[in-house]
*Asks:* 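Following this message is one structure expressed as structure tokens.
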Amino acid sequence: MTDTPTRTEPADWATDQEVRWCPGCGDYSILTAMRMLMPELEVDREKTVFISGIGCAARFPYYMNTYGMHGIHGRAPAIATGLAMARPDLDIWVIGGDGDMMSIGGNHLIHALRRNVNLKILLFNNMIYGLTKGQFSPTSEVGKVTKSSPMGSLDAPFNPVSVALGAEASFVARTHDMDRQHMMEMFRRAHEHKGASIVEVFQNCNVFNDGAFEEITKKQNRDGNLISLEQGKPIQFGADGEFGVVVENGAAKIVAVADVGEAALLVHDETKADPSTAFMLSRLSRGPFEPTPIGVFRAIERIEYATSSTAQLAMAQNDKGSGDLSTLLRSRGTWQV
Amino acid sequence: MTDTPTRTEPADWATDQEVRWCPGCGDYSILTAMRMLMPELEVDREKTVFISGIGCAARFPYYMNTYGMHGIHGRAPAIATGLAMARPDLDIWVIGGDGDMMSIGGNHLIHALRRNVNLKILLFNNMIYGLTKGQFSPTSEVGKVTKSSPMGSLDAPFNPVSVALGAEASFVARTHDMDRQHMMEMFRRAHEHKGASIVEVFQNCNVFNDGAFEEITKKQNRDGNLISLEQGKPIQFGADGEFGVVVENGAAKIVAVADVGEAALLVHDETKADPSTAFMLSRLSRGPFEPTPIGVFRAIERIEYATSSTAQLAMAQNDKGSGDLSTLLRSRGTWQV
Amino acid sequence: MTDTAPRELPLQELAEVIIRFAGDSGDGMQLTGDQFTSISAALGNDLATLPEFPAEIRAPQGTLAGVSAFQVRISDFAITTPGDAPTVLVAMNPAALKAQLKNLVQGGAIIVNTDAFNERNLEKAGYESNPLEDGTLDGYRSYPVPMSQITRDAVAEHGVKPRDAERSKNFFALGLISWMYTRPIEPTMEFINTKFHGKELVIKANEAAFHAGYNFGETAELFESHYEIKPADLPSGEYTNVNGNTALAWGCAAAGQLARLPIFLGSYPITPASDILHDLSELKHFGIRTFQAEDEIAAVASAVGAAFGGALSFTTTSGPGVALKGEGMGLAVSLELPLIVIDIQRGGPSTGLPTKPEQADLMMAMYGRHSESPMPIIAPRSPADCFNVAIEACRIALRYRTPVMLLSDGYLATSSEPWLLPDIDSLPDIGVDFHTGFNGTNEDGEGIFLPYLRDPETLARPWAIPGTPDLMHRIGGIEKEDGTGNISYDPENHQKMVDLRAAKIEAVDVPDVEVAGDMDADFCMLGWGSTWGAIDAAVERLQQAGKKAAHVHLTHLNPLPKNLEEVLSKFETVICPEMNAGQLVNLIRAKYLLDIKPVNKMNGVPFTTAEIESAALKAMEAS
Amino acid sequence: MTDTAPRELPLQELAEVIIRFAGDSGDGMQLTGDQFTSISAALGNDLATLPEFPAEIRAPQGTLAGVSAFQVRISDFAITTPGDAPTVLVAMNPAALKAQLKNLVQGGAIIVNTDAFNERNLEKAGYESNPLEDGTLDGYRSYPVPMSQITRDAVAEHGVKPRDAERSKNFFALGLISWMYTRPIEPTMEFINTKFHGKELVIKANEAAFHAGYNFGETAELFESHYEIKPADLPSGEYTNVNGNTALAWGCAAAGQLARLPIFLGSYPITPASDILHDLSELKHFGIRTFQAEDEIAAVASAVGAAFGGALSFTTTSGPGVALKGEGMGLAVSLELPLIVIDIQRGGPSTGLPTKPEQADLMMAMYGRHSESPMPIIAPRSPADCFNVAIEACRIALRYRTPVMLLSDGYLATSSEPWLLPDIDSLPDIGVDFHTGFNGTNEDGEGIFLPYLRDPETLARPWAIPGTPDLMHRIGGIEKEDGTGNISYDPENHQKMVDLRAAKIEAVDVPDVEVAGDMDADFCMLGWGSTWGAIDAAVERLQQAGKKAAHVHLTHLNPLPKNLEEVLSKFETVICPEMNAGQLVNLIRAKYLLDIKPVNKMNGVPFTTAEIESAALKAMEAS
Ligand SMILES: Cc1ncc(C[n+]2csc(CCOP(=O)(O)OP(=O)(O)O)c2C)c(N)n1
Ligand SMILES: Cc1ncc(C[n+]2csc(CCOP(=O)(O)OP(=O)(O)O)c2C)c(N)n1
Ligand code: SF4
Ligand code: SF4
Ligand SMILES: [Mg+2]
Ligand SMILES: [Mg+2]
């Protein structure tokens, strides 16, 4: 459709269903960011679909006045892939938690990324299983004490950005629930991207993992611990930009700008064909307790999956004509009796 | 057990079952390499276990005179994780094809890697589904024409080494079925590693994907197209070492040594804590048609999963004493009637 | 604390009381209920409890969705259910009253925290006028108590901030109810001191609130009498109070000891099964390894791997998880390795009603795998029975080298009852020996190991674990030759293996069923799993009404007890109450061609005794 | 080519012949059989074929495991099976003889390539002495032919290298058999020229080999006669030869057109279902999108997603794949979206016998999901019937907005039969309308969309797809309120929804069953799926032997036809042959309490007519 979408207000994107997350949950601010962004994107509500799995995060679709499906645990990227292939005209968002998308759904996620299906995937990473009341997740830190790991968990966590880059993702970004503007910007960028985009959202679960991101996302900690990636700019942070990132010995490293000079800093380029620099940046931080990059790690152009599929259908119709049943039934030879 | 294992011959490691791969299949040479390596490792057959999924590759356990399980499609890493936790004393190898381990089993693979379970995982990558007679696999190149992709596949392939590094693998190597010595060396290194080791083996399926690796693994192509990674050495290849690898602009790049001088070459260090350099190297080649690194990409020490688990059990026993049923049943309070 | 002189109130004796504490999720109702249960247990009452949680983690305060409740029934006689409907409702706020009032028996007592009935709360609960004043409570005995206010006053002297003070109002309620039912004060004082150890202010506040409640009962001229419930005539011995999930976890731990095997649990969290994972994770000193897998498929697969290695292997889940484990269970069937799959059934289909019970996974347990893939199935009947049934499941799995499905449900999982602790020495030895030597010879007369050579009695194959010298062998899911285990595509062999796998399960040694109730009745109720308590109670009521009724309750659902056909055939009418659409009925009808009648209910709420009684009466009339 | 003058041999007329071509996998037996089938079809014979592949991709040459065979039955009357046992065996090497001899009827003919019976090949086949000489073939009519040698000689003049020459020996065999059964030469010449277009040397070699074989028949004094099989009296019209998988794929494509919907297939390769994925992948010009997913779970999930988007959605697999799709199908049940799940059943349990058929997934189709999660089930009876049944499955899925299970099997999948092409205009219109407007009003009288408001006739909910203005709505697997589709934990609503989902499926409009054979018989055979041909043929034999027998064959397995109980009740004895341990029997017994008797077989080989006939006779005697 080429019609201009109707102008909407954030409230138009809200449903009549009561939002049922715990009071104080980070999911609320993500929802607000999304509802506020939507009018700006100038898209139609009926052309927008939210698909999710199961988890607290996965309740998201119920709160957006669009088409939506609350699926089964872990399978949202696969459900959405089918929908995106069948309906390349739709704007499809996939929502899930760190358990939903990195544990049971890890495989569907990485396959959707490598295929570059036109999906905007938001991973609400609270480093915990919220809905099932607080077991460790694949992004929980080693040693995490939970009901299923009373002596501390043994499992080294995934770094979702590294996983995505290892899986050929064409768009990878990270943001957090304490900065609405930044979230909106990342979601907007994901929306602009043609192909699979994944945005990791650091999300506070104030019931089972409160404060998990406080050391980097709290207002007073941001300057020192959030490294904002900005296209074409040297990567620099600190209250006065006193820290920076350089590549040294095949890895990214944090330095004092005073020590190396501004010119030595890595200039961020999300469009590099080779994902290695983006990967390096994903390794800068071992967790949300030390300086951690947010922003767009990678945004490259790569042919989108349904587009290729549509092209093949068109080519086939071009070559063979529109499918004719009568011809098909006779295609392996016939005889008369 | 501290007993010295009995000395064995390669033949001792063969079973009485007829090997049933297609004549000429690359799996044969991998099997030979494994049988020849075993006596050198000085391990006991009864302490050795091969676990596989389903596929041509996955028939491997039937041909090794050890304990073995031919499991279900995709689940070998998960089956083996349970075995490794229950029996940390065993030497466990996991065998599977690119479909088995990167398609249906992709999630179990990356989780086994991040957890660093003590498994030696061999991925026989023939870039095709062999057993089901030739559909494209998650490592097949875009445009691959197969029965399920008559107009060419649309799916961008995984690079298994990149996937493994993105998933926190502590040991990652690559070898190919045309070089027995190199295979044996990689398998030996995988065996020495404490934790999860993954070895991608380029394996020719002469029936459904013949010659997939020829451009790099054929004797006359090796000098020019195989980049052998050797610890502590500058990364160099070509008949006379005329090519080399440097890091430039945050990525690995192939150069003529003459242009940059040998000193500028990247010196390979598989032990770097940061996986970024290894990841760069994994991106050097877009497929087995241009210079491609083989050897150990990464080998770092990281605590092994079952070891941590055993330590917790010991600690718990230390703290609470050996589990006593009578105490347990009374642990939530009792009363007398 | 103000020590007012006790009024002299009449002490009435009661046979039983069913109290439901209801409040906002943050109000501590579970704790209150638990503690009331404990003190009643110590007094020798029989009891049964049933918690009810909101589906949301923390639904908005004061809303219907946020109501948390705890029902406890105490009695001076032996009981088998937490009771159909409460006779006393403690409602801490308007939402609790609104959500729970429909459950209360007509004429029941309502003790209500009037302070919470302000405009905002009334609106949140969806009341248009105040139910305390508009006649909503007509037909009930209502006792309005300004709990928040009195609690605030009582704790003020300890320097607790007014906002924090409110948190103690559940102890006010507990104190009041303790007075009403003449429960002693000391155990709760001890409990407060242990539970809040180190938080002096909290201890003081809760103690004060409790006493205030207790004293309020004695002094306020609101109550006509208080009550006494004599100890029940229970078998003597040492008791504990367990819910089904804990009893199940303990049963698994016990089975490991009884089999002298290390335990491996591969599991993925899911309501209402997660607590078994949690409980077993606490028992590392029992040599129990728990593995929180990436999904249910990895959970069952890892358990199969551990079983191959010689562990007593479990996987725990609920319906959606079982639906994912079908292929893994099929592998275990084909490998003939011991494995226990525990399904805590919940409402479905799909995600369904995660916090509500159902018994609708029986057919999936029987048939949820491709091809002929038989597995024994077993189901506990009460919270404490979970302990025994866990051990029995392990016994069967080990003896026959087979995966076994254990079907519990969300009702058993969370409700609790007093459990007379078993004599540990009397528990069965369920150990089996690993195979360590050759069991055949080749053509040259040399010893060989045949991994599928069967024990002629049990048809079980030898369990030889990695590490055993000389017995190296390979197993897999492709059809295999009987004896050698080598891959075989031979038609006759396949038929033979299909038949053998079926025969092995069919021949599992299952005890005969026993008939409870009236042996000579024409009418019988057949049940399985958690309906036991309600059916048992219904039989008693029928008998009291002068009817004859028998009760046959199955623990073993596959294979069925050998005498079942004969037993059921004797009755003119057999009805089968199930929380599904008639699944056991299907099995019985197909197997014995007996026209037993389904009585089905699928609303997420367990059968009440009254429902079963009325279904029985209807069936008796019709026949 | 040497043109020798034809001998005058008697031409015998035959009613039918069953030929089995058997050789090494590399010997081109499938091609040979296919071509023989084609020319026989063109002659107007009725026919049925059955290929048999080795389980390995390429088992070592010359071994038993490497034998590939193709059975074709041609006749001058209407037939329904490829025949119990071949009357003619063409054996290209010792392994083929060894593997296949046991299938041949006593007194059957063996045409054998003597050149292949060298020591090495004999050893590979496990023969200790040469079966051509040691009396193994006593009791058969054996025709030794040095096929390799003659082929080499015949093609030599075309400059083909001796090693390559051998490759043409299957055309020698085809030529010989074509002579024996007086098939025309030209169609095969045409075939060779089309098939090997551009490879001149190959064309020449194959032509020469074919002629050599044909001429050998005429000239060598080995054969006493040759044969003629007259055209069968088949309904006139245009025929093609299809196997079940292709017919199924075409049926899916047809359904897309009949419903005017784009098709989406989410699939993961698995034997014996992969060919449906392959076939549909070729039909992109039909607007068919195929998606080779990462696993079966993604396959079904993607299909659910596409169905939400308004596609006619399929997922194809075999038993192990269905075992993985349970949770996804449960979601589709709860969402009430149309979806067709196709299961090409194979031998199990677990990986089992991937290339062999079974009918043992029926119970999984009924019950392989947690909770009460009903789905219609439907099964084709013959290769060509797969076309119709695919359309019928789509009709039900679309009309009732429900996932439907279609159960075919490995036998139907690969065997083929002539199919009288349907008149395309006579195919049913199965289109349904997407919902585009409001279907309710809110309290303020404004139009709203109720995604779970049901059609009173079908109980189907409206299918409103994304992109439809104003109808934005959310669906999910948690229990939902009837009408609005909002999440609901209300007990009554849950019961209502469970009941509605069951009622909707139970009320699917299923045609009544018809009784074939003798309507007035006391004895009936009940079947479903691929046993149809063998049962049908057995009925005919019984009738020929003067017995009365009826045959009821089910296409719809859930719900069952409304008249089934009445129909079955009329017979004194009902037996039910199934390639499982008695699954349909279970359903019927449970539902109608009818004592029908199982006749089971699970050896990976379809029932023969003789087996069913003898089971029937036994049952008739017993009754
Ligand atoms: C098949 C299946 N397995 C398990 C569950 C239980 N379950 C629901 S959500 C969830 C994980 C929740 O964690 P996450 O995805 O991180 O989401 P959050 O609640 O933290 O937002 C689990 C294990 C389920 N619903 N279905
Ligand atoms: C659950 C399940 N799905 C599908 C299959 C069919 N299947 C068997 S092996 C295989 C893939 C084979 O490819 P790969 O893993 O690369 O091994 P290869 O044969 O190439 O060595 C598939 C799809 C199966 N056996 N089980
Ligand atoms: S449990 Fe955590 S993630 Fe879930 S709603 Fe509550 S605060 Fe949010
Ligand atoms: S199909 Fe390919 S991978 Fe499989 S055995 Fe044959 S050559 Fe090897
Ligand atoms: Mg989470
Ligand atoms: Mg492969």
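Naming: A, B, ... by sequence-line order, numbering from 1 per chain. If you're wondering where the values come from, they're calculated on a predicted model, not measured in any experiment.
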*Asks:* How close do D:N603 and C:Q495 get, heavy atom to heavy atom, and via which atoms?
*Replies:*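 Closest approach of D:N603 to C:Q495, heavy atoms only: N-OE1, 3.7 Å.
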*Asks:* Between C:D361 (side chain only) and D:S371 (backbone N and O only), is there a donor and an acceptor less than 3.5 Å apart?
*Replies:*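 Side chain of C:D361 to backbone of D:S371: a pair is present.
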*Asks:* Is it the side chain or the backbone of C:K480 that comes within 4.5 Å of chain D heavy atoms, both, or neither?
*Replies:*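 For C:K480, no heavy atom lies under 4.5 Å from chain D.
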*Asks:* Between D:V322 and chain C, which part of the residue has a heavy atom less than 4.5 Å away: side chain, backbone, both or neither?
*Replies:*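 Neither part, no heavy atoms under 4.5 Å.
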*Asks:* So which part of D:Q583 gets closer than 4.5 Å to some heavy atom of chain C, the side chain, the backbone, both or neither?
*Replies:*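 For D:Q583, side-chain heavy atoms alone lie under 4.5 Å from chain C.
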*Asks:* Run C:E372 and D:M602 through side chain to side chain contact (heavy atoms under 4.5 Å, CB included) and show every step you take.
*Replies:* CA-CA 9 Å; C:E372 298 289 345; D:M602 281 191 81; 3.4 Å; yes
*Asks:* Do D:H370 side-chain atoms and C:S350 backbone N/O form a donor-acceptor pair below 3.5 Å?
*Replies:*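 Yes.
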*Asks:* Report the option among C:G326, C:G319, C:A65, C:G330 that has the most heavy-atom pairs separated by less than 4.5 Å from atoms of chain D.
*Replies:*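 Top count of heavy-atom pairs under 4.5 Å with chain D: C:G319.
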*Asks:* Below 4.5 Å, heavy-atom pairs only: which of C:L331, C:T351, C:L353, C:L593 has the largest tally toward chain D?
*Replies:*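 Greatest number of close heavy-atom pairs with chain D: C:L593.
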*Asks:* In Å, rounded to the nearest 0.5 Å, how long is the span from OH of C:Y367 to CG of D:L362?
*Replies:*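 Reported to 0.5 Å precision, the distance equals 10.0 Å.
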*Asks:* Please evaluate residues C:R369 and D:M363 with respect to the criterion side chain to side chain contact (heavy atoms under 4.5 Å, CB included), reporting the C-alpha separation (whole Å), side-chain torsions for both, the decisive distance (0.1 Å), and the verdict.
*Replies:* CA-CA 9 Å; C:R369 297 163 296 282; D:M363 292 308 260; over 6 Å; no
*Asks:* Where on C:T355 is there a heavy atom nearer than 4.5 Å to chain D: the side chain, the backbone, both, or neither?
*Replies:*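 The answer is neither part of C:T355.
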*Asks:* Does any heavy atom of chain C fall under 4.5 Å from the side chain of D:K601, the backbone, both, or neither of them?
*Replies:*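 Both backbone and side chain.
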*Asks:* Using non-hydrogen atoms and a 4.5 Å limit, figure out which bit of C:Q345 sits close to chain D: side chain, backbone, both or neither.
*Replies:*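 Neither part; nothing is under 4.5 Å.
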*Asks:* Of the backbone (N, CA, C, O) and the side chain (C-beta and beyond), which part of D:S318 lies under 4.5 Å from a heavy atom of chain C, both, or neither?
*Replies:*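 Contact with chain C is absent: no heavy atom of D:S318 under 4.5 Å.
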*Asks:* Relative to chain C, which of D:G328, D:A581, D:G604, D:A502 shows the most heavy atom pairs under 4.5 Å?
*Replies:*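 Most heavy-atom pairs within the cutoff with chain C belong to D:A581.
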*Asks:* Checking C:I297 against chain D: side chain, backbone, both or neither under 4.5 Å from a heavy atom?
*Replies:*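 C:I297 touches chain D through side-chain heavy atoms alone.
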*Asks:* For C:E327, is it the side chain, the backbone, both, or neither that has a heavy atom closer than 4.5 Å to a heavy atom of chain D?
*Replies:*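 C:E327 touches chain D through backbone and side-chain heavy atoms alike.
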*Asks:* Quick check on the interface: out of C:G368, C:S334, C:P349, C:P354, who has the most heavy-atom pairs with chain D under 4.5 Å?
*Replies:*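 It is C:P349.
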